[in-house]
Amino acid sequence: MKNFTSVHDVPQIDALVKKALAYKADRFKDKTLGAGKRIGLLFLNPSMRTRLSTQIAAQNLGMEPIVFNVGQEGWALEFEDEAIMSGSTVEHVKDAAPIMGNYFDILAIRTFPSLKNREDDYSELYIKQFIKYAGIPVVSLESATLHPLQSLTDIITITECLNNTTPPGRGEAGGKRPKIVLTWAPHVKPLPQCVANSFSQWVNAWGKADFVITHPEDYELDEQFTKGATITHNQDEALKDADFVYVKNWSTFKDYGKIYNNDPEWMLTNKKLATTNNAKVMHCLPVRRNVELSDEILDGPNSIVTQEASNRVWAAQAVLSEILASQK
Ligand SMILES: NCCC[C@H](NC(=O)CCC(=O)O)C(=O)O
Ligand SMILES: NC(=O)OP(=O)(O)O
């Protein structure tokens, strides 16, 4: 693996999941793989889980992580080629990225979308410019349209739950495919589509589940990610018999970055959960309690959000391990 920016960088999802679970069982099994190597973690936007789990993952492999909060502490970066830099940007990525390419062996970047211009955001200019100019492997820590480390974690967590179901449930052992539902939830702010896009892309590529996406009208996601899923505006219908419910807000894609709906009826409650197959409830976090997800769900027995967030370490470790192995 050279870069890790989407599911397309992964030749075999299940092999990567297996690798991550092996690190969960023995975190120091490859503790010298990254000895003498450095990873730069660049944050243009806030983060808790991604920032901490990726540092821990790198250290478990013997690498030295260095965090740089570019968004707050760095020079304002310009990403457009041929820009006349007479405005607020101070340094071009063309100048900054090769320097980082000399300082580090791997570069990881978090860069949210602007949610102002769909074409710009969906061109993934920022991460592509880093790939073009850094000359070292680039890992997405959530980009303008995708969050692949989160989605890998989500598949790891689902796999773990299916493996731990006794008697055999809907995993491979049980024969029946699990039903995974991605449901939109209300929020007070327009949020990126990244997590929903990426989760859809990975579940579709994984191909081992019946995948249903439910959201209000006008919240359709980009088809390039959702193609293959069943899409419905009827949340009650979608939730029936679900084994996993993935909750996430996103802003509109077509009329880009807007809030068209804030109906609290879309928030998952125990009453709604009762129609599922005792579904596990997932969310990438951070979550706005009692707006996006109710206390009763988050504090109840079906929530696996803490397990999910904890698994971020093993996802990051598996990805860094693959990149280090291909540098040998
Ligand atoms: N990294 C995980 C989610 C990040 C981001 N959430 C947020 O910005 C939440 C902000 C707030 O709740 O104000 C998102 O949805 O893509
Ligand atoms: N889920 C996730 O990426 O969390 P952070 O934004 O805190 O990194």
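Both ligands and their constituent atoms are indexed starting at 1 by order of listing. Atom set for the values below is all heavy atoms of this structure, side chains included, hydrogens, waters and symmetry mates excluded.
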**OP:** Using a strict 4.0 Å threshold on nitrogen-to-oxygen distance, state whether Asp243 and Arg177 make a salt bridge.
**Re:** no
Original post:
Between Glu142 and Asn45, is any side-chain donor less than 3.5 angstrom from a side-chain acceptor?
Top reply: no
**OP:** Would you check, one step at a time, whether the test ring pair (Phe, Tyr, Trp, His ring centres under 6.0 Å) holds for Tyr246 with Phe211?
**Re:** CA-CA 11 Å; Tyr246 200 96; Phe211 183 37; 9.3 Å; no
Subject >> Test: Asp121 and Lys116 ion pair at under 4.0 Å >> reply: no
Original post:
Do Tyr126 and Leu146 belong to the same hydrophobic cluster, where Ile, Leu, Val, Met, Phe, Trp and Tyr are linked whenever their side-chain heavy atoms lie under 4.5 Å apart, directly or via other members?
Top reply: no
Subject >> Carboxylate-amine/guanidinium contact Asp222 Lys227, below 4.0 Å >> reply: no
**OP:** Could you name the protein residues that come within less than 4.0 Å of ligand 2, counting only heavy atoms, and order them by chain and residue number?
**Re:** Ser47, Met48, Arg49, Thr50, Arg110, His147, Gln150, Cys284, Leu285, Arg312
**OP:** Would you mind listing every salt bridge (Lys or Arg N to Asp or Glu O under 4.0 Å) that reaches into residues 16-41, with sequence neighbours excluded?
**Re:** Lys19-Glu322, Lys24-Glu160, Arg38-Glu64
**OP:** Could you point out which residue of Val139, Leu141, Leu44, Thr5 forms a side chain to side chain contact (heavy atoms under 4.5 Å, CB included) with Ile109?
**Re:** Leu44
Original post:
Who pairs with Thr232 by side-chain contact (heavy atoms from CB on, under 4.5 Å), at least two apart in sequence or on another chain?
Top reply: Val212, Thr214, Asn234, Ala238
Original post:
Near ligand 1, which protein residues have a heavy atom under 4.0 Å away?
Top reply: Arg110, Phe112, Glu142, His147, His187, Lys189, Leu191, Pro192, Lys248, Cys284, Leu285, Arg288
